[in-house]
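Down below is the structure, laid out as structure tokens.
Note that the coordinates shown come from a computational prediction; the quantities given were computed from them, not determined experimentally. Atom set for the values below is all heavy atoms of this structure, side chains included, hydrogens, waters and symmetry mates excluded. Heads up: numbering here begins at 1 and tracks the sequence. Whatever order the structure lists them in is the order used to number ligands and atoms, beginning at 1.
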Amino acid sequence: MKSILLLSLPLALADGSQKPIGDAWVLPRGLNPALSDKYRPDSSQTFTCLTNPKISIPISLLNDDFCDCPDGTDEPGTSACSHLNHSTNPLPGFFCQNKGHVPAYIPFSRINDGICDYDVCCDGSDEWMGVGGVQCPDRCEEIGKEARKAGEEARRLYESGIKAHNRLVEKAVLLKKEMEDKIVSLTGEVVRYEGLVTEKQVELKRAEEEEKLKLAASGGDGEGKSRHAKLLEFTKAKIADHQEKLVKLVDENQKLRDELEKAEKILKTFKEEYNPNFNDEGVKRAVNAWEDYLASKEVPDPESGDFLSKVTDLMYDVHPWDEYEPEDDGIVEDMYAIESFLPPSLRGWVHEQLTNLRTSLVEYGLLAPRKPKSSSSSSSQLSPHLQKLTDDLTSTESTLTSKRNELSNLQGDITKDYGHQEVFRALKDVCAEAASGEYTYSFCHLGRATQKNRDGGSTHLGDWTGFEKRIDDEIEEEVTVIKFERGARCWNGPERSAYVYLRCSAEEAVLSVAETEKCVYKYVATSPAVCGEVLQGQEGVTMGEAVRS
Ligand code: MAN
């Protein structure tokens with residue numbers, strides 16, 4: 001059914017009569033009154049074919065059920081020229097005036113075919129011959145009333161869709177504003193936390209330095225030792241060294257004794273077993289020397305065993321060095337205690353001076369260093385103060401990291417495509433579903449599309465990847481399509497994907513779902529999100545299919 005503009009004419013008659021009644025001229029049957037001027041007979045009572053001006057025929061041949069004009073314009077009210085196509089015939093069809101409803105053209109081929117085509121010709125004027133006894137009384141009043149009611153309903157739905165759409169736009173604007181504000185405040189927070197981290201790093205470094213100095217001042221790290229401490233250390237090292245050498249000496253001594261014993265045994269046997277009858281001068285000299293050696297050999301000291309055991313004691317003696325460690329020096333604490341009586345502005349400076357003084361005194365041996373109080377104060381472990389500062393810094397750094405992440409997520413989100421007027425921003429996580437065949441299909445805006453089985457299992461059809469414009473074949477209109485892609489891989493096939501074709505309505509709903517090809521799903525759904533687009537597309541055009549006369 002095509003939309004047309006109907007001009008009202010004083011003599012726009014639709015009774016189909018071609019014959020003049022008196023002076024009055026009657027509009028030919030099936031002709032749109034808008035074309036009446038072209039058909040009004042001139043003095044020669046002829047009609048000129050509309051697109052073949054060289055051909056004129058007597059007006060009596062109009063609507064005579066014979067196609068005289070090559071363009072078919074002589075037969076507006078019969079099917080005689082229905083074999084011509086639209087590019088030849090400038091008349092779109094038989095014009096039904098449909099008074100009380102909307103005028104419409106019906107194809108010439110359907111004139112007098114014995115069927116009441118009330119969907120196009122509610123006045124029944126296309127069946128004027130009553131072929132096969134068909135009667136098509138005018139039903140335009142009743143059909144028009146129903147159409148107006150349906151039109152009203154469509155208008156109402158459309159208007160509520162627009163209202164819902166406007167609410168979404170308002171919400172989207174608000175959400176975006178909130179996000180922008182959040183970005184501003186988070187940017188400030190990030191800068192503030194960056195400052196805090198730097199401050200805490202400096203504070204920690206200073207505390208570490210101070211603690212090092214204190215440790216140095218107390219002799220804890222081995223620097224700035226007193227003479228006492230140095231002597232103690234020197235003595236420890238010397239004794240350890242002597243003990244080590246003693247061990248080596250005793251060892252060596254034992255080896256020599258063993259060798260001497262062996263040699264004496266040989267000479268003893270030699271002396272006992274040599275033959276004095278052989279006049280061997282060399283042997284005789286050796287035996288004499290051995291006897292001299294025995295005669296001059298010192299008798300072993302009975303106390304030499306005692307001596308050896310004393311040496312052995314010395315070798316393995318363990319010294320109670322702790323007893324020789326210097327006592328804690330209370331002066332240091334007293335010096336540092338002075339700080340607490342000073343105004344805070346002077347405290348830092350005085351602390352530094354005292355520390356330097358303490359370090360120098362220790363270095364020159366004028367002040368005894370302190371031994372660390374316990375193993376817990378060893379340099380490898382942090383003091384409670386340093387531990388607190390370190391924990392503080394760590395927690396501030398982690399807050400900074402999470403704020404930076406949040407900020408970068410928001411900055412990414414603010415530049416995302418959320419459709420016309422960013423309306424989909426307001427629909428985040430709003431879902432709709434419908435049963436279709438053996439599955440229930442759902443999708444969530446900016447989220448995921450899912451196919452659920454009857455047994456509760458579900459298949460991932462894809463995640464939101466954006467929008468695009470596509471022709472919706474059912475309504476032959478370009479619509480917004482939401483894309484859900486990279487879903488679960490189809491057995492032996494592609495990853496699943498779903499495309500949601502949207503139509504305007506106040507409600508979010510899934511109307512139908514079809515698997516258009518293996519593992520590709522087409523949803524048809526309604527959403528107020530696209531009602532704004534309808535408004536844009538229909539600018540200046542009223543609802544309904546034609547303009548009423
Ligand atoms: C499941 C469903 C169907 C799909 C087949 C492919 O049964 O997801 O929609 O066609 O897998 O194997």
Side-chain angles (χ1 to χ4, degrees), residues 153-154 157-158 160-162 164-165 167-169 171-172 175 409 412-413 415-534 536-537:
E153 179 61 8
L157 283 177
Y158 172 74
S160 68
I162 285 289
H165 172 265
R167 283 196 296 275
L168 283 184
V169 173
K171 189 174 170 194
L175 286 173
N409 286 346
D413 190 279
T415 53
K416 245 189 205 163
D417 177 13
Y418 280 109
H420 179 59
Q421 295 179 296
E422 302 200 12
V423 70
F424 286 97
R425 194 183 281 285
L427 282 171
K428 193 169 174 20
D429 298 330
V430 172
C431 305
E433 65 170 36
S436 174
E438 53 183 311
Y439 302 108
T440 295
Y441 290 89
S442 66
F443 80 93
C444 294
H445 284 287
L446 314 175
R448 166 169 291 202
T450 310
Q451 179 192 54
K452 284 180 228 158
N453 301 326
R454 295 258 183 273
D455 62 14
S458 76
T459 307
H460 174 206
L461 299 187
D463 286 320
W464 183 87
T465 54
F467 315 99
E468 68 184 23
K469 294 281 183 187
R470 286 191 188 181
I471 299 292
D472 183 345
D473 294 335
E474 278 175 49
I475 54 172
E476 293 178 352
E477 264 176 36
E478 191 181 67
V479 298
T480 294
V481 173
I482 316 175
K483 299 186 287 179
F484 293 89
E485 292 165 314
R486 296 189 283 279
R489 186 167 286 285
C490 198
W491 187 79
N492 235 354
E495 287 174 333
R496 287 175 174 78
S497 52
Y499 299 92
V500 182
Y501 288 64
L502 292 177
R503 296 181 190 169
C504 163
S505 167
E507 306 298 331
E508 289 290 332
V510 174
L511 301 181
S512 66
V513 182
E515 194 171 343
T516 49
E517 54 187 280
K518 195 86 177 148
C519 296
V520 177
Y521 304 83
K522 177 186 175 182
Y523 286 52
V524 176
T526 60
S527 170
V530 290
C531 292
E533 296 170 20
V534 177
Q536 280 189 331

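Atoms of ligand 1 lying under 4.0 Å from at least one heavy atom of Q451, given by number and element, are 2 (C), 3 (C), 8 (O), 9 (O). Taking a cut-off of under 4.0 Å to the non-hydrogen atoms of C490, the atoms of ligand 1 that pass are 6 (C). Taking every non-hydrogen atom of C519 and a distance limit under 4.0 Å, the qualifying atoms of ligand 1 come out as 6 (C). For ligand 1, the atoms lying closer than 4.0 Å to a non-hydrogen atom of K518 are 6 (C), 10 (O).
Stacking of K452 on the aromatic ring of Y441 is not recorded, the 6.0 Å distance cut-off and the 45° axial limit not both being met. Remark: R448 fails to qualify as a cation-pi partner of F484 under the 6.0 Å distance and 45° angle criteria applied to the six-membered ring.
The nearest protein atom to atom 10 (O) of ligand 1, hydrogens excluded, is given as E515 OE2, 2.6 Å; this is a heavy-atom distance. Summary of contacts: the protein heavy atom closest to atom 11 (O) of ligand 1 is R496 NH2, 2.9 Å.
Checked against a 3.5 angstrom limit, the closest N/O atoms of T459 and ligand 1 fall outside it.
Of the charged side-chain nitrogens involved, at least one lies within less than 4.0 Å of a carboxylate oxygen, so that R503 and E474 count as a salt-bridged pair. Note on E438 versus R454: no salt bridge recorded, every NZ/NE/NH1/NH2 to OD/OE distance being 4.0 Å or above.
For Y418 and H420, the ring centers sit 6.0 Å or farther from each other.
When the heavy-atom distances from atom 9 (O) of ligand 1 to W491, Y521, Y441, Y439 are ranked, the shortest goes to Y521.
Side-chain contact between H165 and V423 is present, with at least one heavy-atom pair separated by less than 4.5 Å.
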